[in-house]
Amino acid sequence: MSGLASMRPVRVVGIGMHRYQFPTETPYVALGLTALREALADSGLAWPDVTFAAIGTAAIGMAAGRVMLRHLGSTGLEVMQVENASASGSSAFRAACLMVASGQHEIALALGVDKFGSGQRAAQKDGIPRLTPAAEIPAVKFALMARAWRDRYRLTREDLARVAVKNHGNAARNPYAQFRKPRTLEQVLNANPVAGDLTSLQCTPRGEGAAAAIVASEEAIRRHGLDRRRAIRVLSSVASSEHAVADEGWSLVEMVQRSGLSALAEAGLGMEEIDIIELHDAFTIEEIVYAEALGLCPLGEGAAQLRAGLWDIGRGRCAVNPSGGLLGMGHPIGPTGIGQVAEIVRQLRGEATGRQHPGARTALAHMIGLGSVAVGHVLRRD
Amino acid sequence: MELRDPSLYAPSGQGDGAVLLALRDPATGAFAFPRTSYGIGATGTPAEAAEPVELSGRGEVLVCITIHQPLAPEMQVPLLVARLRLEEGIVLDGIIEGTEEPPPGAKVQAVLVPEERGGTRMLTCRFRVLGRAA
């Protein structure tokens, strides 16, 4: 046994969200506190019960946590800020889980919050000139991937667009989603072309929002009299980064595969036991490629599964991105990974009104971040 | 005319052809492009222990797409971006001359072409598809 499996059990006892939305003048503090208060109310805990907070954010700046949290009372809790690009929220959640699992804390908060920022990256400050800065732009990188997969696995433009149709459809049923409008295949295909075969509706929107998850030990659940039936066990937590592989530059796919296998192995589960996957679909091609890499279906069969509706809520065994994913729910960066966890907890509790995947018991939350890094969690209802 | 990024490429001496400036690990043969003072990532070899080499600039297209929207300041569209494998085995992304996407496997050669950016005209590196008019 290794990782979380070798430590004491951790459960998510409270979740809260501030809806993802297009950039506004609303201060990040208001976004974050909305999610946090909702999570506290959901858990039945009081703010002083929380003794650790990991704040996932990429664009707000230094020391975002205390500036926000002091409005609930300065309780002396440990505060840590986590930045790990798109995986910032997932990494904050991992930190909170490890703090409880290791016995450092009994009750810990992971709070992701972000405003739309400058998008400046460390890679732009590494002092290395590039033949073309265009290739560093995510839309370009994933348009290249889409074309490579089209050539290799006969993916069509319609296959790619179907990911957006599904996820915008799911988001339309999610009150926390940035996009709330179902889209047809024609609308996705005829949206503004961005790069390669990707249109604007196949790219995640810019936005802001917040997501919170409170995790607790069994002892804390008992001591505070929390509802154990709504407390969702976190079975595994893994994090990694790219290995160099000679594969035409797609080493992040190998990273996703390795990371997913590791998350499942640590949980002691196979992919066939997973009912829900929330994964990084900032661009449509990613959902197909990562779902295959994670083992949901054999390589090259993702598009056929999608066409057959097997990744839809209530139709297949495993629903992919029932929240609407990054394409439909949005991707405010800091909150995204915690938003995935919140959706999964809602689904596993059977509380995802209007978009409930029937009988969902186990789920995988998987994020990648620029660089690239990967973070995965497996959760299960008892 | 001056080069836009003289640390990345240099004239090959054959027409408007270009060579790319890289580092090579003498022990393993591993390359690093661009050439930096940080060393060779594939092996962890420090730059001081590596030898500066010139890459041919010749290679083949793995995949190419057209950028339809200006996604960065001063980006002129349509713009062709390709993932390429150089003869030396290095995989990199570069800009292809013209507006017609070459198919996978098309042979390319690095060339230096004039480009105006920020009011300055300089030579920059593009990849020319061999066997067709630029």
Side-chain angles (χ1 to χ4, degrees), chain A residues 118-155 157 160 190-203 206 241-252 283 285 371, chain B residues 3-9 18 20-21 30 32-38 40-44 55 57 60-86 89-96 101 103-105 110 117 124-127:
Chain A
S118 66
Q120 198 175 40
R121 302 163 192 157
Q124 294 165 323
K125 302 175 183 175
D126 64 3
I128 302 176
R130 284 163 173 84
L131 275 181
T132 166
E136 301 294 315
I137 298 169
V140 176
K141 181 176 170 180
F142 290 107
L144 283 166
M145 176 188 263
R147 186 61 59 84
W149 259 250
R150 190 186 83 173
D151 294 344
R152 225 185 265 183
Y153 301 110
R154 300 181 185 279
L155 272 188
R157 290 180 68 237
L160 289 174
N190 295 328
N192 287 333
V194 176
D197 298 324
L198 299 179
T199 62
S200 56
L201 285 174
Q202 298 182 58
C203 306
R206 297 170 171 181
S241 61
E242 276 184 46
H243 289 74
V245 288
D247 70 339
E248 305 183 356
W250 304 119
S251 50
L252 90 162
F283 301 94
I285 181 64
Chain B
L3 298 176
R4 174 83 58 198
D5 286 304
S7 65
L8 289 175
Y9 40 77
L20 303 180
L21 307 179
F33 175 80
R35 186 188 288 174
T36 76
S37 59
Y38 308 143
I40 298 180
T43 56
L55 305 176
E60 66 168 345
V61 173
L62 297 173
V63 60
C64 178
I65 56 124
T66 304
I67 300 179
H68 307 288
Q69 308 264 355
L71 299 173
E74 297 191 70
M75 182 185 282
Q76 305 276 326
V77 294
L79 181 68
L80 298 183
V81 177
R83 183 147 299 174
L84 309 164
R85 181 183 283 120
L86 299 184
I90 289 181
V91 173
L92 52 78
D93 295 330
I95 295 178
I96 301 285
E101 293 175 6
R117 204 193 301 168
T124 192
C125 181
R126 295 284 182 269
F127 288 86

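Each chain gets a letter, A, B and so on, in the order its sequence line appears, and its residues count up from 1. Computed from heavy atoms alone, side chains included, the values below leave out hydrogens, waters and symmetry copies. It should be emphasised that the depicted structure is a prediction, and the values quoted were computed from it without experimental measurement.
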Chemist: Nearest heavy-atom pair of A:Asp151 and B:Pro104: which atoms, and what distance?
Modeler: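 So the minimum-distance heavy-atom pair works out to OD2-CG, 3.3 Å.
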
Chemist: Which answer fits A:Ala148, side chain, backbone, both or neither, if we ask what part of it has an atom under 4.5 Å from a heavy atom of chain B?
Modeler: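 Both backbone and side chain.
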
Chemist: Taking only residues two or more places apart in sequence or in another chain, which ones pass salt bridge (Lys or Arg N to Asp or Glu O under 4.0 Å) with B:Asp93?
Modeler: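 By the salt bridge (Lys or Arg N to Asp or Glu O under 4.0 Å) rule, B:Asp93 matches B:Arg83.
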
Chemist: Given heavy-atom pairs under 4.5 angstrom as the criterion, report whether the side chain, backbone, both or neither of B:Leu84 touches chain A.
Modeler: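 The answer is neither part of B:Leu84.
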
Chemist: Over all heavy atoms of both residues, which pair between B:Met75 and A:Ala134 is shortest? Give the atoms and the distance, please.
Modeler: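 Scanning both residues completely, I find the closest heavy atoms to be CE-CB, 3.8 Å.
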
Chemist: Which pair of non-hydrogen atoms, one from B:Tyr9 and one from A:Leu131, has the smallest distance, and what is that distance?
Modeler: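 Taking B:Tyr9 first and A:Leu131 second, the nearest heavy atoms are CD2-CD2, 3.8 Å.
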
Chemist: Where do A:Ala143 and B:Ile65 come nearest, in terms of heavy atoms and distance?
Modeler: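 Nearest heavy atoms, A:Ala143 then B:Ile65: O-CG2, 3.5 Å.
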
Chemist: So which part of B:Thr66 gets closer than 4.5 Å to some heavy atom of chain A, the side chain, the backbone, both or neither?
Modeler: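 For B:Thr66, backbone heavy atoms alone lie under 4.5 Å from chain A.
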
Chemist: Among the options B:Ile95, B:Thr124, B:Val77, pick out the one with the most heavy-atom pairs lying under 4.5 Å from chain A.
Modeler: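 Looking at each option in turn, the highest pair count goes to B:Ile95.
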
Chemist: Among A:Ile128, A:Val194, A:Thr132, who wins on heavy-atom pairs under 4.5 Å with chain B?
Modeler: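 Counting heavy-atom pairs under 4.5 Å, the top option is A:Val194.
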
Chemist: Tell me which of these, B:Arg126, B:Arg4, B:His68, has more heavy-atom pairs under 4.5 Å with chain A than the rest.
Modeler: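 Highest number of pairs under 4.5 Å: B:His68.
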
Chemist: Heavy-atom distances under 4.5 Å only: say whether B:Val63 touches chain A with side chain, backbone, both or neither.
Modeler: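 Both backbone and side chain.
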
Chemist: Could you tell me which residues satisfy ring-ring contact (aromatic ring centres under 6.0 Å, His included) with A:Phe283, sequence neighbours excluded, listed by chain and number?
Modeler: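 So A:Phe283 forms a ring-ring contact (aromatic ring centres under 6.0 Å, His included) with A:Phe142.
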
Chemist: Chain A heavy atoms under 4.5 Å from B:Leu71: which part of the residue, side chain, backbone, both or neither?
Modeler: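 Contact with chain A is through both the backbone and side chain of B:Leu71.
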
Chemist: Among the options B:Leu92, B:Leu20, B:Leu8, pick out the one with the most heavy-atom pairs lying under 4.5 Å from chain A.
Modeler: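 Result: the option with the highest number of such pairs is B:Leu8.
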
Chemist: With a 4.5 angstrom heavy-atom cut-off, could you sort out which part of A:Arg150 is near chain B: side chain, backbone, both or neither?
Modeler: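 No part of A:Arg150 comes within 4.5 Å of chain B.
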
Chemist: Mind listing the closest non-hydrogen atom pair of A:Pro129 and B:Asp5 along with its distance?
Modeler: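 Where A:Pro129 meets B:Asp5 most closely, the heavy atoms are CB-OD1, 4.0 Å.
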
Chemist: Distance-only, no hydrogens or angles: does the B:Gln69 side chain make a donor-acceptor pair with backbone N or O of A:Pro193 under 3.5 Å?
Modeler: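 It does hold such a pair.
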
